[in-house]
Peer 1: 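After the structure tokens below, expect a handful of questions from me.
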Amino acid sequence: MSSLQLKLLFLLLSSVFHVLLFATSNGAQVPHEAKGQWQLLQANIGIVAMHMQLLHNDRVIILDRTDFGFSNISLPNGTCRHDPGDTAVKIDCTAHSVEYDIATNTLRPLFIQTNTWCSSGSVDPYGRLVQTGGNGDGSRAVRTIDPCPACNWNEDPNGLLVKRWYSTNHMLPGGRHIIVGGRGQFNFEFFPKRNPADFRPHFMPFLKDTTDNLRQEENNLYPFVFLNVDGNLFIFANNRAILFNYRNNTVVKTYPAIPGGDPRCYPSTGSAVLLPLNNLESETVEAEVLICGGATSEAFILAGQGTFLNALNTCARMKLTDQNPNWSLETMPGGRVMNDLITLPNGDVLIINGASEGSAGYDYAVNPVFAPFLYKPNDPAGNRFEELNPSKIARMYHSTAVLARDGRVLVGGSNPRSNYVFKGVLFPTELRFESFSPPYLDPQFSDLRPAIVSPNNLSPRNLTYTESFKMVISFKDGRVVVAPDLVSVTMYAPPFNTHSFSMNQRLLVLSNGELRNTGNMSYEFDVTMPPSPFLAPPGFYILFAVHQGIPSEGIWIQLQEIKKYQPNY
Ligand SMILES: *[C@@H]1O[C@H](CO)[C@@H](O)[C@H](O)[C@H]1NC(C)=O
Ligand SMILES: *[C@@H]1O[C@H](CO)[C@@H](O)[C@H](O)[C@H]1NC(C)=O
Ligand SMILES: *[C@@H]1O[C@H](CO)[C@@H](O)[C@H](O)[C@H]1NC(C)=O
Ligand SMILES: *[C@@H]1O[C@H](CO)[C@@H](O)[C@H](O)[C@H]1NC(C)=O
Ligand SMILES: *[C@@H]1O[C@H](CO)[C@@H](O)[C@H](O)[C@H]1NC(C)=O
Ligand SMILES: *[C@@H]1O[C@H](CO)[C@@H](O)[C@H](O)[C@H]1NC(C)=O
């Protein structure tokens, strides 16, 4: 049996004997079924976490909108925002963006001028967050922030060619960002502009064709965009998808619509992930997407009239690289709209946040779903979902979730209203910030958990495509039986999360050589970086060592740009 077959067999077995396998030998711990743990990190972060992005200094940049009125956190040193065009307040000495430091659990208010409401973003190859669009004076803005202790936002109010509200960003292999769509914008553009053709927006009929009634349902805003392994973009809007060559504006392939035809994009908001990419050195790397939740096409209009329809309880999964791709449907433990999909370091998918009735929009949903679902893509169909421990906090419209390097998922936001309302409504503005520790962080698995000894996080690794390097991992306890064939290294691109979609999220399972036992519960082995920026665009990633499904704490690495892909990719 090959090591891959062994891994797959193990994944299969581990799902069947989920708990028993992990009983410790001395019986000191009584194994229980791990369902994850919630922890309140901050009772009040001052703003609504409408948008979140983790940067490689382990700080999360959090953004609200600027025209909500006064937030609950002041700008430092008496700084104020003067904006005669702001519809809520003209002089505002409160912050609408903050930086959250994971290590110290502290906040730093940031200054932002232009309106970020329903904007988008992605991190460039140098680790800088590039944040685009929004509403009003922010509709054409490009804002950047570097990861550093005193860095703040830089804003160019005219950085985009057209107004973009509810658009989706993705990093490209050549280090550019593509910004797709936005309300009433059936086109895309690049940032930064590198070619003469970059200075005009490019018409994309697919975005027009997938619009249900402009300014009513729409159902195709914040389209789900993923870089496919062949260098084209997979673009899903409403209930269908295309494979798109952004270099010459051609539709390479049209995929079948999701069976049932229900929409999955804003405001019938579901979510999507690219499932982990494996066998990266193969000629034919496979890519698969998973889309979960959403609402029926009437849900938004009816919610406006006070009738809340059941959210969709299906996930649709498709191998985009198949010759004749088609969706297969799976049923979640319950219906969900405005759910986030977070890829975990071990390749499982966490389905978190959202509601079971209604749609996205102000006060358009009821019945929050407090319990995340875990989806195990490698388990047999019909047996992939597990319901985890619930939070006590409703995370409705304008809530977010991001994965941290320590394996926790940070959860914030929820404000289904157009201003800050703390009392007297069903779902008040939510300023509490929590973490969810997935089952793999349960103490009963601590013996199995590897630690990456080398390279370490204090010396960020600068790596090139195809480069191999030595990794050393160790286990803290001599009692654990290490299964060398069940160690893998995964590489995670931290996404920009807003409106239930995590832009740029991807996880790659890297190739690794055989483990050499170096004594003292340590193992050394070679790890190889992906062969091409089509598989992983240049930039910062988190590497995790995973043993029997239990991930280590991650380390940051930087994957270098390849100049030959500029300026055309
Ligand atoms: C935040 O809310 C608390 C409690 O309502 C209040 O005392 C405080 O002044 C508020 N802070 C800001 C900066 O608005
Ligand atoms: C506030 O002002 C003090 C004194 O001028 C300065 O040292 C400090 O860096 C300022 N803080 C911020 C966050 O700008
Ligand atoms: C677009 O580019 C692809 C790949 O380079 C090529 O196969 C295709 O023919 C081009 N299409 C058009 C319309 O130029
Ligand atoms: C895709 O699968 C669905 C059932 O899930 C089936 O009804 C449909 O005909 C299939 N489409 C294609 C193009 O094979
Ligand atoms: C990696 O190398 C590039 C180019 O030499 C440099 O600009 C960058 O700062 C390096 N990054 C790290 C994390 O050392
Ligand atoms: C083994 O590891 C422990 C804990 O990390 C360390 O204290 C000890 O010195 C190591 N022993 C050897 C022989 O390397």
Side-chain angles (χ1 to χ4, degrees), residues 42-49 62 64-66 68-81 88-89 91-98 106-112 172-174 178 188 195 197 202-206 227-236 239-262 264 288-292 312-331 381-382 412 415 419-425 428-433 532-534 564-565 567-569:
Q42 289 277 345
N44 178 358
I45 61 164
I47 68 167
V48 174
I62 307 176
D64 202 340
R65 55 187 277 193
T66 55
F68 259 7
F70 301 119
S71 78
N72 196 258
I73 185 167
S74 297
L75 285 164
N77 290 353
T79 315
C80 298
R81 180 175 166 270
V89 284
I91 301 176
D92 183 355
C93 308
T94 66
H96 296 282
S97 177
V98 298
T106 54
L107 295 160
R108 181 168 71 97
L110 300 172
F111 182 88
I112 198 136
L172 296 174
I178 189 167
F188 64 94
N195 299 304
H202 302 275
F203 180 50
M204 188 187 261
F206 175 69
L227 177 65
N228 188 23
V229 294
D230 63 358
N232 292 311
L233 293 173
F234 172 84
I235 304 180
F236 180 97
N239 56 9
R240 53 197 187 270
I242 53 171
L243 188 64
F244 185 70
N245 182 340
Y246 60 87
R247 298 178 60 210
N248 60 11
N249 201 349
T250 9
V251 175
V252 179
K253 184 178 255 182
T254 300
Y255 294 97
I258 289 188
D262 294 315
R264 309 283 176 157
E288 223 176 337
V289 288
L290 177 75
I291 295 179
C292 295
L312 304 181
N313 67 349
T314 52
C315 294
R317 178 169 166 168
M318 178 172 66
K319 210 170 264 183
L320 346 167
T321 44
D322 270 358
Q323 203 73 43
N324 296 301
N326 198 4
W327 300 98
S328 56
L329 283 190
E330 299 177 63
T331 307
N415 190 20
N419 54 357
Y420 291 93
V421 182
F422 297 106
K423 285 193 192 71
V425 291
T429 306
E430 186 53 71
L431 302 179
R432 282 174 291 179
F433 198 64
S532 135
F534 291 177
K564 78 167 187 208
Y565 286 97
N568 295 319
Y569 285 89

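Keep in mind that what you see is a predicted model, and the values were worked out from it rather than measured. Order of appearance sets the numbers: ligands from 1, and atoms from 1 within every ligand.
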Peer 1: Relative to the heavy atoms of N326, which atoms of ligand 4 are at a distance of less than 4.0 Å?
Peer 2: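 Atoms satisfying the 4.0 Å criterion: 1 (C), 2 (O), 3 (C), 8 (C), 10 (C), 11 (N), 12 (C), 14 (O).
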
Peer 1: Working to the nearest 0.5 Å, report the span between CD1 of I235 and OH of Y246.
Peer 2: 11.0 Å

Peer 1: So how far is it from N72 CG to L431 CG, rounded to the nearest 0.5 Å?
Peer 2: 6.0 Å

Peer 1: If you count the atoms of ligand 4 from 1 in the order shown, which ones are under 4.0 Å from a heavy atom of P259?
Peer 2: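 Those atoms are 5 (O).
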
Peer 1: Answer yes if the ring centres of Y255 and F236 are under 6.0 angstrom apart, and no otherwise.
Peer 2: no

Peer 1: How are the rings of Y420 and H96 set to each other: parallel, tilted or perpendicular (split at 30° and 60°)?
Peer 2: tilted

Peer 1: Are side-chain N/O atoms of N415 and T429 paired as donor and acceptor at under 3.5 Å?
Peer 2: yes

Peer 1: How are the rings of Y569 and Y565 set relative to one another: parallel (under 30°), tilted (30 to 60°) or perpendicular (over 60°)?
Peer 2: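 Aromatic pair Y569/Y565 classed perpendicular.
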
Peer 1: Which atoms of ligand 3 are found less than 4.0 Å from any heavy atom of N245?
Peer 2: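 Near N245, the atoms of ligand 3 are 1 (C), 2 (O), 3 (C), 4 (C).
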
Peer 1: Which residues satisfy the side-chain hydrogen bond (donor to acceptor under 3.5 Å, both in side chains) test with N228, sequence neighbours excluded?
Peer 2: D230

Peer 1: Under a strict 4.0 Å criterion on non-hydrogen atoms, which protein residues are in contact with ligand 1?
Peer 2: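 Its neighbours under 4.0 Å (heavy atoms only) are S71, N72, I73, S74, given by chain and number.
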
